[in-house]
Amino acid sequence: MARNILIVDDSLTIRSSLEYCLKEAGFNVVAAVDGIDGIEKLKSMKSSGGSPSVIITDVNMPRMDGIAFTENVKKSSFRGTPS
Ligand SMILES: [Mg+2]
C-alpha cells in the first residue's frame, strides 16, 4: 500500500528537497505552500482516498502558519495523523 506524506512549507527549496528524499524512499508526496493550501490538499487527499500517514509542516508561513494549521488538523478527521 502506498504511503502518503503531506509536506507544508513556504520554502520552495525545503519542499523540493524533502519531496526528492521522500520520493526516493518510496513515499507518495503531496506538497502545500502554506497552512491554507495544506488544508485544501488534505481535503483533496481525503476525497481521493489517499489520506497522509504523516504531515510535515513548517512553522513560519504566510496566510496560515504551522501552529494554526496543526490546530486545524487536530480539530479535523485527521486529528490522529502524526504531524
Ligand atoms: Mg517558512
Side-chain angles (χ1 to χ4, degrees):
M1 190 172 107
R3 297 169 298 168
N4 303 309
I5 296 185
L6 174 64
I7 297 168
V8 187
D9 201 307
D10 61 324
S11 163
L12 175 59
T13 305
I14 298 293
R15 285 197 312 274
S16 300
S17 302
L18 278 173
E19 196 164 352
Y20 175 80
C21 293
L22 293 168
K23 282 183 173 173
E24 283 290 305
F27 293 96
N28 293 326
V29 176
V30 173
V33 300
D34 57 36
I36 291 176
D37 190 29
I39 289 169
E40 292 302 315
K41 294 283 165 53
L42 273 176
K43 288 177 184 168
S44 59
M45 291 174 85
K46 184 179 182 181
S47 64
S48 66
S51 296
S53 303
V54 172
I55 300 169
I56 300 172
T57 183
D58 182 19
V59 173
N60 277 320
M61 296 181 287
R63 300 207 302 163
M64 181 188 287
D65 66 21
I67 303 296
F69 170 69
T70 302
E71 286 171 351
N72 273 278
V73 169
K74 296 304 176 189
K75 291 178 194 162
S76 74
S77 61
F78 295 100
R79 72 182 64 82
T81 305
S83 56

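Numbers for residues simply follow the sequence, beginning at 1.
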Just to verify, what does D34 make a side-chain hydrogen bond (donor to acceptor under 3.5 Å, both in side chains) with, not counting sequence neighbours?
R63
Restricting to non-hydrogen atoms, name the atom on N60 and the atom on D10 that form the minimum distance, rounded to 0.1 Å.
O-OD1, 3.1 Å
Of all heavy-atom pairs between F78 and S51, which one has the smallest distance, and what is that distance?
CE2-OG, 3.5 Å
Candidate pair V8 and K41, rule side-chain contact (heavy atoms from CB on, under 4.5 Å), full reasoning
CA-CA 10 Å; V8 187; K41 294 283 165 53; over 6 Å; no
Hphob cluster co-occupancy, I55 + I39, side-chain heavy atoms under 4.5 angstrom
yes
With rounding to the nearest 0.5 Å, note down the distance linking CD in E40 to CD1 in I36.
8.5 Å
Heavy atoms only: give me the nearest S83-T70 pair and the separation to one decimal.
OG-CG2, 3.9 Å
Is the shortest heavy-atom distance from the side chain of V73 to the side chain of T57 under 4.5 Å?
no
List the atom of L6, the atom of P52, and the distance in Å for their closest heavy-atom pair.
N-CB, 4.0 Å
For M45, does its backbone N or O pair with a side-chain atom of S48 as donor and acceptor, under 3.5 Å?
yes
Could you tell me which residues satisfy side-chain hydrogen bond (donor to acceptor under 3.5 Å, both in side chains) with S77, sequence neighbours excluded, listed by chain and number?
K46
Could you tell me which non-hydrogen atom of A31 sits nearest to which non-hydrogen atom of E19, and how far apart they are?
CB-OE1, 4.0 Å
Backbone N/O of I14 and side chain of D9: donor-acceptor pair under 3.5 Å:
no
Quick check: do F27 and L18 have side-chain heavy atoms less than 4.5 Å from each other?
no
Evaluate the side-chain proximity of T81 to L42: yes if any heavy-atom separation is below 4.5 Å, no if none is.
no
With a 4.5 Å cut-off on side-chain heavy atoms, are V30 and N4 touching?
no
Measure the spacing between CD of E71 and CG of D65 and express it to the nearest 0.5 Å.
8.0 Å
So which atom in M61 and which in G66 form the shortest heavy-atom distance, rounded to 0.1 Å?
CE-N, 3.5 Å
Measure the CG-CD distance between L22 and E24 for me, rounded to the nearest 0.5 Å.
10.5 Å
D58: partners by side-chain hydrogen bond (donor to acceptor under 3.5 Å, both in side chains), with sequence neighbours left out:
none
